[in-house]
Amino acid sequence: MILEKKIEREVARYLELKCGKGNYKELVNIQKTRQEFTGDMTLVVFPLLRVLKQKPEEAAEGIGDHLSGSMEEVRSYNVIKGFLNIEIDPAWWTSYLNRAMKEDILADKRRDSKIPPVIVEFSSPNTNKPLHLGHIRNNLLGISISRIIEATGKPVRKVNLVNDRGIHICKTMLAWQKWGKNITPVEAGVKGDHFVGSFYVMFEQSLKKEIKKLESEGCSEEEAFQKAPLMQEAREMLRKWENGDEETVKLWRTMNGWVYDGFDETYRALGVSFNKVYYESDTYMTGKKIVEEGLERGLLIQKEDNSVWADLGEHSLDEKLLLRSDGTSVYITQDIGTAVLRHDDFNAGEMLYVVGNEQDYHFRVLQIILKELGYEWAEKVKHISYGMVELPGGRMKSREGTVVDADDIISEMEETAHRLSAELGKLGGVPEEERREVVKMIGMGALKYFILKVDPRKNMLFNPEESIDFNGNTGPFIQYTHARVCSLRRKCRDAGINEDDSFTGVDMSSKELKLLKMLYEFPSVVSQSAADYSPALVANYVYEVAKEYNQFYHDHPVLRESDRDVQQFRLLLSVYTGKVIKKAMYLLGAEVPERM
RNA sequence: GGUUCCGUAGCUCAGUUGGAUAGAGCAACAGCCUUCUAAGCUGUGGGUCCCAGGUUCGAAUCCUGGCGGAAUCACCA
């Protein structure tokens with residue numbers, strides 16, 4: 001049982017003794033004691049005054065007396081204003097470290113196979129252009145949230161829903177037919193997704209010219225868009241595709257294949273993988289049936305032109321179109337279908353969608369409609385909404401060429417890592433293969449940490465002019481700290497100090513105690529992070545740990561320490577710090593090197 | 001215009017269900033490597049927590065109203 005809970009329970013017991021039965025737990029507020037005061041945990045007594053009917057100091061004294069009498073962990077206490085600062089017996093902390101080393105406290109909570117799995121959808125790319133920095137945020141959040149939830153003991157399934165059909169795909173196909181000269185990405189020496197993406201750009205540019213020309217001939221913008229030959233051809237191609245035209249489908253397969261080859265490479269670099277990949281081309285019809293059934297059951301309304309709508313008036317929202325007048329489905333119809341499909345596929349406990357906050361409204365509506373249609377699990381659908389990645393000039397705009405390409409930024413990070421490593425004279429005697437791996441790890445660590453340390457809900461800024469840092473509050477700083485621990489462990493092993501031994505009777509410095517207390521908090525940081533769907537909590541925590549360790553490292557030698565117990569304590573404290581860092585970074589989807 | 005989200009140091013960001021004197025990094029300046037990795041450590045300066053009210057023992061945090069920014073409100077996805 002964690003210590004806070006124990007104190008909480010004990011305080012509640014005290015209140016019952018003094019004031020009779022009641023539910024006091026909610027009034028008990030325990031937090032870390034602030035740096036400036038003596039103590040480890042602090043009870044805020046103000047909320048208790050109403051039941052205790054005492055002055056703050058008096059009440060605090062009473063509780064303090066009770067705690068130090070009834071809990072052997074409590075060594076003493078002091079009262080300042082309405083705050084009861086509780087001092088925990090240092091021996092309790094040191095024994096925690098011995099225990100943590102033996103019991104593998106950091107292992108994931110045991111997974112109960114009876115718990116229905118949490119389905120996390122993320123990535124969900126379109127197959128008409130390569131991934132950019134916004135997708136990177138999405139993918140990193142997806143991985144990290146999955147791992148964090150898994151660490152709390154729930155089974156997790158990662159799924160991807162690929163948008164592999166539609167007018168935008170037809171545009172790239174058409175452009176390639178017209179101007180591609182039958183060339184393949186391999187022949188062109190271009191990564192598949194970029195290759196296909198360039199045809200999308202080509203299409204849009206040519207279309208723009210056509211529209212301009214039509215406009216100069218007196219067409220309205222809308223008219224011009226409808227009449228442009230390229231648009232008409234693209235629509236014709238979509239019709240062919242939907243009718244299963246062999247040649248069209250074949251081209252579609254080929255070009256999507258090129259894109260997937262490209263995506264795979266990017267995914268591999270980012271460490272992204274899925275338990276199941278859905279393709280919209282397989283699922284886009286499933287929503288239609290559900291909507292038609294809903295209409296029959298009178299849950300939806302049909303207008304004179306045959307279009308089908310959901311009336312969300314009750315929720316003070318407008319009506320929402322679900323089927324066009326020609327009977328075809330729209331985006332949200334497909335999402336209704338895939339939600340049902342997914343729920344049935346996995347018997348899902350929760351269904352999380354990592355999708356940008358530009359779709360907040362969409363998911364609100366989706367959940368309401370699912371509820372209206374009678375799916376009692378609609379409550380389990382959760383939109384994990386995250387903010388946009390902005391550039392100094394605002395949003396990334398593909399039209400203005402300000403998109404930060406995912407592959408570019410990945411290779412830039414690796415190059416920077418490589419350059420810095422060389423400049424600092426690191427990895428001297430390390431074999432070439434490990435060296436390359438470490439450099440990659442550091443580049444990716446920098447990128448991942450940079451993105452995940454920001455609260456997901458907030459928009460974040462990326463300035464391409466200033467490259468991502470490798471000093472200070474960064475991934476490499478945390479990785480470096482881990483490498484330091486590893487180096488120390490190697491030296492200790494060579495000196496014959498055994499990590500499996502425990503220690504007794506150590507008089508900790510305040511720095512050592514602070515670090516140890518911080519490590520103790522790790523599991524509750526993870527649960528909080530899972531509850532909030534926020535990897536940023538883990539990221540900021542592990543940074544604090546690394547910083548604290550470096551301070552400890554600076555003036556607490558291990559090898560040169562003569563007291564055997566102190567030496568053993570410091571080594572174990574280091575080893576455990578290393579474990580916490582490694583695990584926390586894993587939860588962020590990042591790796592840590594043993595040397596750098 | 002309606003709805004939702006955001007506003008904290010020059011810049012990028014923390015700030016756990018309301019708790020004690022609001023913190024980091026970067027940038028600037030000044031120090032520390034014959035001593036377990038200097039991608040490190042130490043120090044200095046830097047604030048109207050957007051503004052105004054309200055709730056209470058106590059507000060960066062909750063409520064109301066402004067101001068500023070973003071997203072969204074399609075028979076697009």
Side-chain angles (χ1 to χ4, degrees), chain A residues 26 29 31-34 36-37 42 44 46-47 49-50 56 80-83 85 126 163 166-168 280 305 307-309 316-318 320-326 328-332 334-335 356-362 364-365 385 387-388 390 392 394-395 417 420-421 423-424 426 442 446 450 453-455 457-463 466 469-481 483-492 495 521 524-525 528-529 531-532 534 536-537 539-541 543-544 546-547 550-551 553-561 570-571 574 595-596:
Chain A
E26 286 183 9
N29 178 349
Q31 51 197 258
K32 285 182 286 178
T33 302
R34 291 185 63 126
E36 314 87 85
F37 305 97
T42 294
V44 186
F46 292 109
L49 300 181
R50 223 172 325 154
I80 297 173
K81 293 196 270 177
F83 298 90
N85 299 320
N126 290 351
N163 185 327
I167 192 74
H168 48 293
E280 212 182 279
D305 64 356
S307 57
V308 178
W309 301 72
S316 58
L317 297 170
D318 286 338
K320 181 79 188 172
L321 178 89
L322 298 180
L323 290 179
R324 296 189 184 99
S325 46
D326 64 3
T328 56
S329 56
V330 293
Y331 179 51
I332 196 155
Q334 299 175 28
D335 261 355
N357 62 12
E358 52 196 351
Q359 296 198 32
D360 284 355
Y361 179 76
H362 172 79
R364 229 177 107 200
V365 171
S385 169
M388 302 286 101
E390 288 172 351
R395 282 186 87 164
L420 284 178
S421 179
E423 273 174 22
L424 294 169
K426 301 283 183 178
I442 295 168
F450 177 82
K453 75 169 181 191
V454 181
D455 182 338
R457 288 168 312 178
K458 291 187 179 171
N459 287 1
M460 62 176 293
L461 190 116
F462 175 76
N463 189 347
E466 306 162 15
D469 241 298
F470 283 62
N471 296 319
N473 186 354
T474 67
F477 168 78
I478 296 159
Q479 291 170 316
Y480 173 75
T481 309
R484 265 188 156 174
V485 168
C486 290
S487 170
L488 177 61
R489 289 175 71 178
R490 285 190 294 269
K491 294 232 156 93
C492 283
E521 284 164 30
S524 58
V525 170
Q528 188 63 43
S529 166
D532 292 357
S534 174
L537 298 182
N540 287 304
Y541 166 81
Y543 167 66
E544 293 295 331
K547 204 166 66 135
N550 277 307
Q551 289 168 15
Y553 181 92
H554 191 259
D555 34 34
H556 294 79
V558 177
L559 288 168
R560 284 180 287 109
E561 172 59 48
R570 288 180 183 167
L571 173 60
S574 299
R595 61 188 103 222
M596 67 183 269

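Each chain gets a letter, A, B and so on, in the order the sequences are listed, and its residues count up from 1.
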Regarding [X], tell me which of base, sugar-phosphate or nothing describes its non-hydrogen contacts under 4.0 Å with the strands shown.
{"X": "A:Y480", "answer": "base"}
{"X": "A:V454", "answer": "sugar-phosphate"}
{"X": "A:N29", "answer": "base"}
{"X": "A:N85", "answer": "base"}
{"X": "A:P392", "answer": "nothing"}

With a 6.0 Å cut-off (strictly less than), is the heavy-atom count around CD of A:E36, excluding the residue itself, greater than 12?
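Above 12, so yes.
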Mind checking what makes side chain to side chain donor-acceptor pair (under 3.5 Å) contact with A:R364, not counting sequence neighbours?
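Side chain to side chain donor-acceptor pair (under 3.5 Å) list for A:R364, sorted by chain: empty.
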Would you please name every residue forming a side chain to side chain donor-acceptor pair (under 3.5 Å) with A:D318, sequence neighbours left out?
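In terms of side chain to side chain donor-acceptor pair (under 3.5 Å), with neighbours along the sequence ignored, A:D318 is linked to no residue.
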With both distances kept under 3.5 Å, what pairs with B:U72, Watson-Crick or G-U wobble?
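Pairing partner: B:G2.
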Decide side chain to side chain contact (heavy atoms under 4.5 Å, CB included) for A:R34 and A:T42; before the verdict, give the C-alpha distance in whole Å, the side-chain angles of both, and the deciding distance to 0.1 Å.
CA-CA 8 Å; A:R34 291 185 63 126; A:T42 294; over 6 Å; no
A:R364 side-chain N/O to B:U3 phosphate OP1/OP2 under 4.0 Å:
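For B:U3, neither OP1 nor OP2 has a side-chain N or O of A:R364 closer than 4.0 Å.
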Under 4.0 Å between a side-chain N/O of A:K32 and OP1 or OP2 of B:U16, yes or no?
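So the side chain of A:K32 is outside the cut-off, no N or O lying under 4.0 Å from OP1 or OP2 of B:U16.
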Please round to the nearest 0.5 Å and tell me the distance separating atom [atom1] of [X] and atom [atom2] of [Y].
{"X": "A:T474", "Y": "A:Q479", "atom1": "OG1", "atom2": "CD", "result": "8.0 Å"}
{"X": "A:K453", "Y": "A:Y543", "atom1": "NZ", "atom2": "OH", "result": "8.5 Å"}
{"X": "A:M596", "Y": "A:S421", "atom1": "CE", "atom2": "OG", "result": "8.0 Å"}

B:C33 glycosidic torsion: syn (within 90° of 0) vs anti
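Syn, angle within 90° of zero.
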Quick one: salt bridge (Lys or Arg N to Asp or Glu O under 4.0 Å) partners of A:D455, sequence neighbours excluded?
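So A:D455 forms a salt bridge (Lys or Arg N to Asp or Glu O under 4.0 Å) with A:R457.
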Who are the ring-ring contact (aromatic ring centres under 6.0 Å, His included) partners of [X], not counting sequence neighbours?
{"X": "A:H168", "result": "none"}
{"X": "A:Y480", "result": "none"}
{"X": "A:F470", "result": "none"}

Are any protein N/O atoms closer than 3.5 Å to N/O atoms in nucleotides 22-26 of chain B? If there are, list each pair with its distance.
unit_1, atom_1, unit_2, atom_2, d
B:G23, OP1, A:R34, NH2, 3.4
B:A24, O2', A:Y543, OH, 2.9
B:G25, O2', A:N473, N, 3.3

Within the modelled atom types, does a donor on one side and an acceptor on the other bring the side chain of A:T481 and the base of B:A39 under 3.5 Å apart?
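Check fails, no donor-acceptor contact within cut-off.
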Starting at the 5' end of RNA chain B and moving along, which residue's nearest nucleotide shows up first, A:I80 or A:P476?
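Nearer the 5' end of the strand: A:I80.
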In whole angstrom, give me the gap between the [atom1] atoms of [N] and [M].
{"N": "B:G10", "M": "B:G54", "atom1": "P", "answer": "29 Å"}
{"N": "B:U64", "M": "B:C6", "atom1": "P", "answer": "13 Å"}
{"N": "B:C50", "M": "B:A9", "atom1": "C1'", "answer": "15 Å"}
{"N": "B:C5", "M": "B:U61", "atom1": "P", "answer": "16 Å"}

Under the side-chain contact (heavy atoms from CB on, under 4.5 Å) rule, collect the residues that match up with A:L424, sequence neighbours excluded.
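Result, side-chain contact (heavy atoms from CB on, under 4.5 Å) vs A:L424: A:K426.
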With sequence neighbours left out, what residues match A:D532 under side-chain contact (heavy atoms from CB on, under 4.5 Å)?
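A:D532 satisfies side-chain contact (heavy atoms from CB on, under 4.5 Å) with A:Q528, A:S534, A:L537 once adjacent residues are dropped.
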Atom pairs, N/O to N/O, protein against nucleotides 7-11 of chain B, distance under 3.5 Å?
unit_1, atom_1, unit_2, atom_2, d
B:G7, OP1, A:K458, NZ, 3.4

When you measure from the side chain of [X], which nucleotide among [options] comes out closest?
{"X": "A:K426", "options": "B:A39, B:G19, B:A14", "value": "B:A39"}
{"X": "A:N550", "options": "B:A39, B:U16, B:C41", "value": "B:C41"}
{"X": "A:F83", "options": "B:A14, B:A38, B:G19", "value": "B:G19"}

Report all interatomic pairs (protein N or O, nucleotide N or O of nucleotides 28-33 of chain B) with separations under 3.5 Å.
none

According to the 5.5 Å centroid and 30° plane-angle thresholds, does A:F46 stack upon the nucleobase of B:G19?
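Whether judged by distance or by angle, A:F46 passes, so it stacks on the base of B:G19.
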What string of B, S and - do you get for nucleotides 71-77 of chain B 5' to 3' if you count protein non-hydrogen atoms under 4.0 Å?
SSS-BSB
Less than 4.5 Å apart, any side-chain heavy atom of A:R395 and any of A:E358?
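With C-beta onward as the side chain, the pair touches.
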